[in-house]
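Note sheet for the following structure.
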Amino acid sequence: MNYIILPDEQARSLSFYLAMEEYVARRLPVSEAFFMWQVDPSVIFGRNQLIENEVNIPFCHTHGIRLFRRKSGGGCVYADRSNVMFSYITSEQQVGFTFHRYINMVVTMLRRLGVDASATGRNDVMIGSRKVSGNAFYRLPGRNVVHGTMLYDTDMVNMVGSITPTGPKLLSKGIISVRQRVALLKDYISLTLPEFKDFVWHTLCDGQVMLTDDDVRQITLLEQDYLSPEFIYGKNPSYTVVKRGRIEGVGDLEARMQLKNGVIKGVNLLGDYFLLGDLDSQLLSRLHDVPLSHEALSRALPDRIDDVVMNLMTEDFIHLLIS
């Protein structure tokens with residue numbers, strides 16, 4: 001696997017590295033690539049999440065924490081220069097296989113350091129019962145992109161305050177609660193963060209590709225898409241009914257529907273789920289002009305939709321809509 005190197009070491013924003021992943025996937029003729037990056041305090045939320053539901057926007061503005069949306073599914077995470085982000089790009093066709101192989105690759109790497117790491121749930125890497133890494137993916141033509149966090153260390157106040165809408169007293173309690181549920185890698189290994197990054201690089205990669213100044217210019221142009229307010233904040237059309245629920249193995253879902261006389265005229269599905277297919281053409285478009293009833297929804301939807309949304313069963317989706 002090739003490690004992707006930038007021609008200089010200047011500090012860049014999180015949006016640049018998201019664009020860099022996409023550029024490598026679309027433009028570089030390598031079958032497998034990997035790189036690491038660090039950013040100033042930032043919050044990154046999933047493709048299908050509503051920012052107002054996930055982010056404490058006033059806290060972020062007050063504390064200089066920037067907000068970004070990525071093109072993968074999954075939940076909202078905080079990143080700063082005390083932790084490190086991983087990006088993995090492959091030409092492997094099966095996105096589910098790629099995702100699980102990547103997570104197992106990270107687990108194996110940590111175990112070589114003597115860390116009792118394991119893969120748990122949809123997308124997490126754990127040390128014992130504590131989460132040290134969360135991961136997400138998306139698909140491009142001919143390529144899969146997987147990226148994730150690695151909590152070497154972090155600012156717990158910023159982490160909790162930026163993604164939890166709480167006051168000062170609840171923030172303090174939230175820090176204690178989150179600290180009990182997350183693992184900081186520095187507590188389990190003797191390596192400094194630069195030493196850890198060097199270990200990861202030389203454990204996972206056996207080659208390297210140096211990007212050119214022209215590559216960087218092209219990435220910077222692509223980055224503008226990630227910086228547009230329309231992409232970051234999304235389009236939220238009017239709705240008349242909101243249905244929320246958590247489905248095990250799928251995530252937290254929020255269906256927003258426009259109804260007229262009990263008939264669906266529009267629907268949007270928000271949440272931290274993972275997309276495997278085209279949500280609109282394969283799933284949501286089937287619900288247009290369909291009565292909001294179990295019988296009508298069963299006729300409109302295919303028998304299986306877990307090839308569109310990971311682990312989502314048709315009956316569970318119908319139950320969410322009519323509950």
Side-chain angles (χ1 to χ4, degrees), residues 22 25 45-54 69-76 92-100 121-123 135-146 225 228 230-323:
E22 185 172 346
F45 45 97
R47 169 180 176 175
N48 305 298
Q49 292 190 298
L50 186 65
I51 185 172
E52 292 87 351
N53 287 357
E54 310 299 333
R69 186 186 295 276
R70 62 183 186 267
K71 293 187 177 180
S72 61
C76 183
E92 166 63 48
Q93 294 300 306
Q94 296 296 324
V95 64
F97 176 79
T98 295
F99 191 44
H100 293 299
R122 297 181 305 156
N123 62 324
N135 303 277
F137 64 86
Y138 72 100
R139 175 112 179 113
L140 290 168
R143 292 294 181 94
N144 291 316
V145 177
V146 185
D225 294 340
S228 71
E230 293 79 13
F231 180 75
I232 294 174
Y233 294 97
K235 298 177 181 178
N236 300 308
S238 60
Y239 57 90
T240 53
V241 174
V242 178
K243 300 295 181 71
R244 298 183 180 92
R246 177 167 184 81
I247 300 175
E248 190 63 34
V250 179
D252 292 311
L253 302 181
E254 180 177 303
R256 296 186 163 209
M257 293 179 285
Q258 296 170 278
L259 297 179
K260 185 176 182 180
N261 299 325
V263 175
I264 299 172
K265 296 297 181 181
V267 59
N268 192 16
L269 187 64
L270 305 171
D272 60 357
Y273 57 88
F274 292 120
L275 266 181
L276 298 176
D278 189 303
L279 184 68
D280 291 327
S281 65
Q282 293 181 260
L283 183 58
L284 300 185
S285 64
R286 291 174 172 265
L287 301 177
H288 187 69
D289 288 333
V290 174
L292 188 60
S293 70
H294 190 283
E295 182 180 3
L297 292 170
S298 296
R299 287 198 303 267
L301 292 170
D303 293 335
R304 295 193 59 169
I305 58 175
D306 57 336
D307 59 341
V308 182
V309 175
M310 180 178 281
N311 298 330
L312 181 59
M313 299 294 104
T314 301
E315 189 60 32
D316 290 335
F317 183 49
I318 292 174
H319 180 73
L320 173 73
L321 296 180
I322 66 174
S323 60

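Position 1 is the first residue of the sequence; numbering continues from there.
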Do side-chain atoms of [X] reach the backbone of [Y] as a donor and acceptor pair under 3.5 angstrom?
X      : Y      : value
Thr240 : Met257 : yes
Lys243 : Leu321 : yes
Arg70  : Gly73  : yes
Asn48  : Gly271 : no
Thr98  : Val146 : no
Asn135 : Asn123 : yes

Decide yes or no for [X] and [Y]: does some side-chain heavy atom of the first lie under 4.5 Å from some side-chain heavy atom of the second?
X      : Y      : value
Val250 : Asp316 : no
Leu259 : Lys265 : no
Leu279 : Val309 : yes
Arg47  : Phe231 : no

[X] [atom1] to [Y] [atom2] distance, which is reported to the nearest 0.5 Å:
X      : Y      : atom1 : atom2 : result
Ile247 : His319 : CD1   : NE2   : 8.5 Å
Met313 : Asp306 : CE    : CG    : 3.5 Å
Ser228 : Arg69  : OG    : CZ    : 10.0 Å
Leu292 : Asn261 : CG    : CG    : 12.5 Å
Phe99  : Phe274 : CZ    : CZ    : 4.5 Å
Cys76  : Leu50  : SG    : CG    : 11.5 Å

Looking only at non-hydrogen atoms, find the nearest pair between [X] and [Y] and report the distance.
X      : Y      : result
Asn268 : Leu284 : CA-CD1, 4.2 Å
Ala296 : Pro291 : CB-O, 3.4 Å
Asn311 : Gly249 : ND2-O, 2.8 Å
Val290 : Ala300 : CG2-CB, 3.8 Å
Ser293 : Ile322 : C-CG2, 4.3 Å
Leu320 : Gly245 : CD1-N, 3.6 Å

Quick one: list whatever passes ring pair (Phe, Tyr, Trp, His ring centres under 6.0 Å) with Phe45, sequence neighbours left out.
-> none
Between Phe317 and Ile305, is a side chain to side chain contact (heavy atoms under 4.5 Å, CB included) present by the stated rule, with each step listed?
-> CA-CA 9 Å; Phe317 183 49; Ile305 58 175; 3.7 Å; yes
Given side chain to side chain contact (heavy atoms under 4.5 Å, CB included), test Val308 with Leu276 step by step and report yes or no.
-> CA-CA 5 Å; Val308 182; Leu276 298 176; over 6 Å; no
Do other residues, nucleotides or ligands put more than 12 heavy atoms under 6.0 Å from Asp289 CG?
-> yes
Starting from the C-alpha separation in whole Å, work towards a yes-or-no answer on side chain to side chain contact (heavy atoms under 4.5 Å, CB included) for Leu140 and Val145.
-> CA-CA 8 Å; Leu140 290 168; Val145 177; 4.2 Å; yes
Would you please say whether a donor-acceptor pair under 3.5 Å links the side chains of Glu315 and His294?
-> yes
Can a donor-acceptor pair be found between the side chains of Glu92 and Asn144 at a distance below 3.5 Å?
-> no
Evaluation steps, side chain to side chain donor-acceptor pair (under 3.5 Å), between Gln49 and Asp272 | CA-CA 6 Å; Gln49 292 190 298; Asp272 60 357; 5.2 Å; no
Between Leu270 and Arg256, does a side chain to side chain contact (heavy atoms under 4.5 Å, CB included) hold up when you go through it step by step?
-> CA-CA 8 Å; Leu270 305 171; Arg256 296 186 163 209; 3.7 Å; yes
Would Lys71 and Glu22 pass as an ion pair if we require N to O under 4.0 Å?
-> yes
Pairs in or reaching into residues 274-287: which pass side chain to side chain donor-acceptor pair (under 3.5 Å), with residues at least two apart or in two chains?
-> Asp278-Ser281
